[in-house]
Every structure is written in C-alpha cells, then in structure tokens.
Peer 1: 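Handing you this structure, nothing more for now.
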Amino acid sequence: MKRVIFIIFVILFFGYCASQKIPSSSHYDVTGQKEYSVSPQIMPPVARKIPTSITLHGVELKDDYAWMIDDTRSDSTVIEYIEAENLYAEAILSEMSDLKDTIFNEIISRIGEEEVNAPTRWGDYYYYSRREHGKPYLIYCRKFSSFSAPEEIVLDVNALAEGHEFFSISKREYSPDQRLLAYTVDTTGDERYTLYIKDIKADTLLADEIYPVNDVEWANDNKTIFYVTPNEKNLKSKLAYRHILGTDPALDELIYKEEDNAFYVWFGRTRSNDYIVLGTNSKTTSEVRYIDANDQPAGGEFSMFKPRKQGVKYYMTNNNDTWFIRTNDSAPNYKIMTAKSNNIQKWETFIPHNDSIYIDGFDVFDEYIVVYEQHSGVIKPHIFLLEEDKDYYMTFPEKVYAFYDRWTPDFITDTLYFSYSSLTTPSSVYAYNMRSQERKLLKRYEVIGVFDPDEYQSEQVYATSHDGVIVPISLVYKKDMFKKDGTNPLYLHAYGAYGNSRTAGFSRSRISLLDRGFVYAIAHVRGGREKGEQWYEQGKLLNKKNTFLDYIACAEFLIQNEYTSPEKLAAFGASAGGMIMGVIANWCPDLFGVIVADVPSMDKLTVLIDSTASGTKYHYDELGNPYEKEYFDYLLSWDTYRNIKEQAYPNMMLTAGYHDSRVRYWQPLRWVAKVRDMKTDDNVLILKTNMAGHYGGSGRYAQYEDIAERYAFIIRMLGVE
C-alpha cells in the first residue's frame, strides 16, 4: 500500500511541476518529454540549460550545465534538482523493491547477524572485532593473555554512531603501551576526520580533540602524537604536526608543510618501532624523512632519507642497523635494496628488478623479510630467513586467488597473519609460522545455509585487445545453471586505474547473482597492476584509451565465446571504474543490456581544468595536464562528458555522494543531465545521490542495501527471471 501511495505522489509531483510555470530563480524544469519502459506514466526531470563556455587551446568548450557545480553545497536550485532526480530514481526503483528486499535478506542470511572476526595477537593481548544482531557497526575488542579470557570492549562504534545518519572511523592507532587509542571520525562522508583519544582502561575520552586529521602515529613515549591535516583549500594532507597530550592543539608544532599540490603527506612507523616515518608522495615521486621514535624532545627534527627525484618512489623500514628499501629507481617493477644506518646513501641490491615480477610490498621482521611478489595477477609471498640465508615461496592450492597480508603488529615473531580466498573459496584467515611453514586456520568466513563450493566453477580466460595485447578475465558461475550458448546473464566488473588491481576473491553477496544464473567476470584491464608496472603504464596518460578498449575487448570475447549476449550483458564500475562505464556508454552502447556506475568519475576534463581544486595536480600524473595541448587533445577525444552523442543508450543507473571529496557529486549529475537531453531511446536512466561520501552509506546494512538495489536493477533490466 505504501508503495502505491508513493508512486501516486511522484506522478502528481511531476505532473504538477510540468504544468506550473517555473520561477525564474529555478535552474531546472520537469517537463515530461520522454517516457520510459518500466513505468510510462513516470516522467524524468529535465535540467534547464544555461549556456556557458570556456576556450582552451583555441577550442571552445560549450556547457549548458555548469550551473550544477557548487562546491559550497549551498545552492538551493542545485539541491532541488538533485532531489528531483532522487524522486524519479526512487519511483523507478520502487517497482523492484520486493526483489531488492529479497536479495538483501539473502545476503544477510548468508553472512549472519552475529560474527566474531579472526583475532590478532599483539604482545599480551588478542585483538579482534565482532558484530551483534541488528547493529550496523563493528565492536572492537581485546582479551588479555588468552582468547578465553574476559572480553574488554575497546570501541563500540554503534554507540558512537547514535544520532548520526553517517558515521565512519578511519584510523585506529593504539599507543605503544596499548593503554590509549587514537581514532578518527567522519560524520558527513567528506573524509575530513576528527581525532579523538580514548583511555581504554578508564573508558573515557581525553580532552585532546583535533580537526581535521587525515593520518596519525604515536611516538614511543605514549604521549606524543604526529598527525597530518589538509590546508584550507586542499583536501589532500599537506601539513604535518606534533602534538603532546594535554596541550592546546592550537599550539601544536608544525613539522612540515608540503608546497607542491601534486604531493600529499603521511605518517608511519617502522615495524621495529625504532622510527617514526614522515612521507610525501605524488603519483610518480616520493620522499621520506625519519626520526627516532624513542626520543621526542620539542623541536626534534626529522632526518632526510633520500631527497625526492622526479619519477623515483621508495619506502623503507629497518631491521636493527640495516634499512630495507623498496624502490622503482631504474626498476619499473621495483626492487629491494639495503643500506646501513651509518651510510644510508650507499644502497646495495637485495632483490634485483625482474621484468615479469612486480614487487607489490614487503614486511620486515626480526628474523625474516616477506616480499609480496605479483606473478600474473596473484600475490606469491617470498619469505627470506635473514640469519640462515634461506628463502622460499608460500604455496596455495588454486592458481587464481586473492591474498591479503593482515595486521601483524609484533616485530619479534615467527607468525605472519594473512587472508586467502578465491572466486569459489570463502575468505579464510591464517596464522603462518615462517620458520616451520605451518599454517593454522583462525577463521573461515563460512556461507550460512546451503553452499557447496564444488557447485561453482571458476575460470581464467583471455581476450585479445585492439593492439594484440592479451587481457585476462577471471570469471565464476554455477555449474548447473551455465549454458555456453549465449543465454546466461553476465556481470562484467573492472577498475583499471591508478595502478590498483582487481583481485579474484570471494564474495558472499555475489552468490545472489550466481544462483540466478549469472556469470560474474572481472576484466583485468590495463591501468591496474595485475601484470606489473608496464600494465599500469599502458593504461594511463596518453595510453588511457587502452583501459576502455581492453574492457570492450573483454565484453566482445565473452559474447563471441557465448558466455553471454549483448542483451544479457551488465557492465559495472565504480569511481575510476565508473569512468569506463561513461566511455563505453558513448562508444558502444549496443554492446550492453545495462550499465551501472557507482560514484563514477565522469566529466574529468572539467575537473582537471580546475587546477586549484583539491588533488587536481595529483591526477595530472594519471590522466594528463589539460594545459598542455597534447594531453588536452587526447583527453577531449575520450572524455565521458564531452563525447555524449545523440544516440540510443542502454538502461543505466548511476549513483553519487553529495559530500564525496573524491568524485564530486556534480560529475555524474551533469553527465546524466546531458545524456538525458541527447539520448534518442526510451530506456531507463536514473541517478541516485546519497547524502554521504565516496563509499556510500555507512554501516553494513546500508552497504548491503546498495548492493541489493544494484543487483535488483540489473536483474530487472536484463529480464532475468
């Protein structure tokens, strides 16, 4: 009944707006010009055009929707248009609300309401988190000496989140004596965090409260905190401070200020706990300073490890007086070097560069170094026993899997914590003895109910892209529902940017697709690092089109080999992956039955032209500087907003975050407004803007609802029974 009333309200609302004269102060008009196949009686909002233009490199860039750009988020006409889009989206989505609810309940039933996560031992404490029935947030806990000891609640996020529509904790850093917890909180989604300090034993907050804080690290005296904060005009962390507990934050000592807008600042500490590390990074270059973590007099200065050199990145950590350094200096796939504390400028090779193996990271312990090597898209941990001059690789039962190293806080230990999963194997957490090579299963995140991994089949297949390059595709399906005749619906996911790889791991939510006959596929397109640094380099700057063409090649391969068909193919990408969705919608809309883009990075040329905006210059190293004509011409040739055409588009759903500081709300908003004006079809196009940030609503229920809604939209648009 409520659904019927809501739809009637929406129809009356849009009918009223269409018939009334819009006041001159309004920037949009709801006219009811086009009808949509799901609900012909429901009309979409159509944004008013206010022509503007700028000229760059002699090219006039016309724009009817620049009025939607309001980074102050105070323009009522923009808010009204967003609300109109949301009303329309809700009207369309309400017709599949039963399916959404069904999928949401399926997800919850597989995961369970109550769950205790795997513990990690740090000194005398076992740390873990757990969930309680009906509560959306984690409860962080610990036990002393034994996991059977009484529980001590460190932080109940549910209690902290009461009264907030959005609540997110980013950093959680324990003091070295494990008495205090520094944590950062965001209540809007804009990723500007407030730092709080909790006395765990007393269960009270200290008076120290600092805003905004993006990173935090403790010195070994348990009273000195280092933190970074953005300056007023930039969300990237630029300023580094030292704070002494109990003192006025307004008087905190400024340690370092980054002047280059392409760089951000961060703090860390070596695993040995000997040093605090202050790093500055751009997309291509880094520089690191360090200070003794045990000696923190006011005014103590950080020492430079190695001055920045354009194009060279490095990170280091120590084992006693030996530094281990991961660097790309003359080594695109990285190498590991060593240096002695008394001569840190003299670097010697520990692991040389390898053209076919990418060194993704490393951990240094008292007697071991663990190097995370990426071999054709999977991580193979390479373990070195330092005192015995021996090394070996950890092995796993499957060829394609997802490996993640977990928090292993102790420096003097034989234990490495990690998680393992695959497309058919649920995530499992292990404690691994690096000397005996024995692994102990601490937790397997089982699928509640009926689930048999043997009923599902995973594969890795390969598509040939436009230039002959072979692109891997990881996929999984349910055996008894798969027919290699083109009739299966297929969900094709990709990211392909900033060197981030998509791993072939397990998802309990995904079973709702697989059990409805879907093939789930990941396109490992260029722009990620699945096949090393060159895979990334071939998908950025003047090679960025390779990312989009690789995705199209994967879609065409899956169609040609009858894993699916165009009318049964769903495309999905988020953030930079959403940029792929915008390009393929413009370039080859007939290839897909439905496209879904979460917080998509659309309208990128407009973003990059504004060189004063937060982080813009940081992205020049990824996509190019439009003030250089070569990059401008290339960007203009594929930009998702500037290449919208008068043509038919497939069914599409986009999301945005009003307080998103990474992909600003107006990027998908403007794209949808322009597509709706130019498209020639009657397919569905909706945009749903939440009032949160880049990662959507907070808490697990909000996240599962978003997944369920996306799945329901795709299932309905593809006509899957």
Side-chain angles (χ1 to χ4, degrees), residues 3-23 26-50 63-65 67-68 76-97 100 578 581-582 585-586 589 592-600 602-603 640-641 644-656 658 665-690 709-710 712-714 716-717:
R3 194 177 105 190
V4 173
I5 293 173
F6 176 75
I7 292 175
I8 292 172
F9 165 76
V10 172
I11 294 170
L12 292 174
F13 170 81
F14 286 123
Y16 172 82
C17 291
S19 63
Q20 297 299 309
K21 181 179 179 181
I22 305 297
S26 179
H27 285 176
Y28 73 91
D29 186 17
V30 181
T31 64
Q33 294 175 351
K34 299 177 182 178
E35 296 184 349
Y36 288 78
S37 57
V38 174
S39 291
Q41 75 275 30
I42 301 175
M43 305 303 175
V46 177
R48 174 168 293 186
K49 299 178 182 179
I50 302 179
D63 193 351
D64 292 328
Y65 305 107
W67 62 268
M68 294 182 182
S76 61
T77 56
V78 176
I79 295 171
E80 287 169 10
Y81 179 68
I82 291 173
E83 290 173 345
E85 286 285 0
N86 278 349
L87 276 172
Y88 176 66
E90 289 300 326
I92 297 296
L93 293 170
S94 69
E95 299 197 352
M96 51 199 80
S97 60
K100 171 194 168 182
M581 300 300 103
N586 291 333
F592 304 93
V594 60
I595 294 176
V596 176
D598 277 358
V599 291
M602 304 294 200
D603 197 7
T640 59
Y641 185 68
I644 294 170
K645 304 172 185 176
E646 188 173 326
Q647 64 178 8
Y649 282 82
N651 295 305
M652 296 189 291
M653 173 182 174
L654 288 80
T655 68
Y658 190 57
Y665 74 89
W666 48 260
Q667 293 178 246
L669 187 70
R670 283 152 47 81
W671 192 86
V672 166
K674 188 173 179 180
V675 170
R676 182 170 286 135
D677 177 63
M678 296 188 69
K679 73 194 199 80
T680 59
D681 58 87
D682 62 354
N683 290 325
V684 172
L685 171 58
I686 57 174
L687 169 65
K688 185 175 181 180
T689 301
N690 64 64
E709 190 165 71
R710 182 200 316 154
F713 182 80
I714 289 171
R716 177 63 65 86
M717 293 301 104

Peer 1: Any side-chain to backbone donor/acceptor pair from Trp67 onto Arg48? Under 3.5 Å, distance only.
Peer 2: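 Looks like yes, one N/O pair under 3.5 Å.
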Peer 1: What do the steps show when you test Ile92 against Met653 for side-chain contact (heavy atoms from CB on, under 4.5 Å), and what is the final call?
Peer 2: CA-CA 10 Å; Ile92 297 296; Met653 173 182 174; over 6 Å; no
Peer 1: In Å and rounded to the nearest 0.5 Å, what is the CD1 to CD distance from Ile82 to Glu85?
Peer 2: 9.0 Å
Peer 1: Should Trp666 and Val78 count as side-chain neighbours, where that means a heavy-atom distance under 4.5 Å?
Peer 2: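 In short, these two side chains do not touch, never coming nearer than 4.5 Å.
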Peer 1: Return the minimal non-hydrogen interatomic distance between Ala648 and Thr680, and the atom names on each side.
Peer 2: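 That would be N-OG1, 3.1 Å.
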Peer 1: Not counting sequence neighbours, which residues clear side-chain hydrogen bond (donor to acceptor under 3.5 Å, both in side chains) with Trp671? List them please.
Peer 2: none
Peer 1: Where is the tightest heavy-atom contact between Ala656 and Pro668, given as atom of each residue plus distance?
Peer 2: CB-CG, 3.5 Å
Peer 1: Taking side-chain hydrogen bond (donor to acceptor under 3.5 Å, both in side chains) as the definition, give me every residue that meets it alongside Asn586, ordered by chain and number, with sequence neighbours left out.
Peer 2: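 Applying side-chain hydrogen bond (donor to acceptor under 3.5 Å, both in side chains) to Asn586 gives Tyr649.
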Peer 1: Hey, does the Lys NZ or Arg CZ of Lys674 hover above the aromatic six-ring of Tyr65, less than 6.0 Å from the centre and inside 45° of the axis?
Peer 2: no
Peer 1: Counting N and O atoms only, with roles assigned by atom type, does the side chain of Arg676 sit under 3.5 Å from a partner on the main chain of Leu685, one being a donor and the other an acceptor?
Peer 2: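 Side chain of Arg676 to backbone of Leu685: a pair is present.
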Peer 1: Quick one: side-chain contact (heavy atoms from CB on, under 4.5 Å) partners of Pro650, sequence neighbours excluded?
Peer 2: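 Listed in chain order: Pro589, Ile595, Met652.
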Peer 1: How far does CZ of Arg716 sit from CG of Asn651, to the nearest 0.5 angstrom?
Peer 2: 11.5 Å
Peer 1: Are the side chain of Asn86 and the backbone of Thr689 linked by a donor-acceptor contact shorter than 3.5 Å?
Peer 2: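 Such a contact is found between Asn86 side chain and Thr689 backbone.
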Peer 1: Listed by chain and number, what are the side-chain hydrogen bond (donor to acceptor under 3.5 Å, both in side chains) partners of Thr655, not counting sequence neighbours?
Peer 2: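 By the side-chain hydrogen bond (donor to acceptor under 3.5 Å, both in side chains) rule, Thr655 matches Asp598.
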Peer 1: How about Met602 and Leu654: do any of their side-chain heavy atoms sit closer than 4.5 Å?
Peer 2: yes
Peer 1: Rounded to the nearest 0.5 Å, how far apart are CE of Met581 and OG1 of Thr640?
Peer 2: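 OG1 of Thr640 is found 12.0 Å from CE of Met581.
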Peer 1: Which pair of heavy atoms, one from Ala47 and one from Ala673, lies closest together, and at what distance?
Peer 2: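 The pair with the smallest heavy-atom distance is CB-CB, 3.9 Å.
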Peer 1: Looking at residues at least two apart in the chain, or sitting in another chain, which of them share a salt bridge (Lys or Arg N to Asp or Glu O under 4.0 Å) with Lys100?
Peer 2: Glu709
Peer 1: Quick one: list whatever passes ring pair (Phe, Tyr, Trp, His ring centres under 6.0 Å) with Tyr658, sequence neighbours left out.
Peer 2: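 Applying ring pair (Phe, Tyr, Trp, His ring centres under 6.0 Å) to Tyr658 gives Tyr665.
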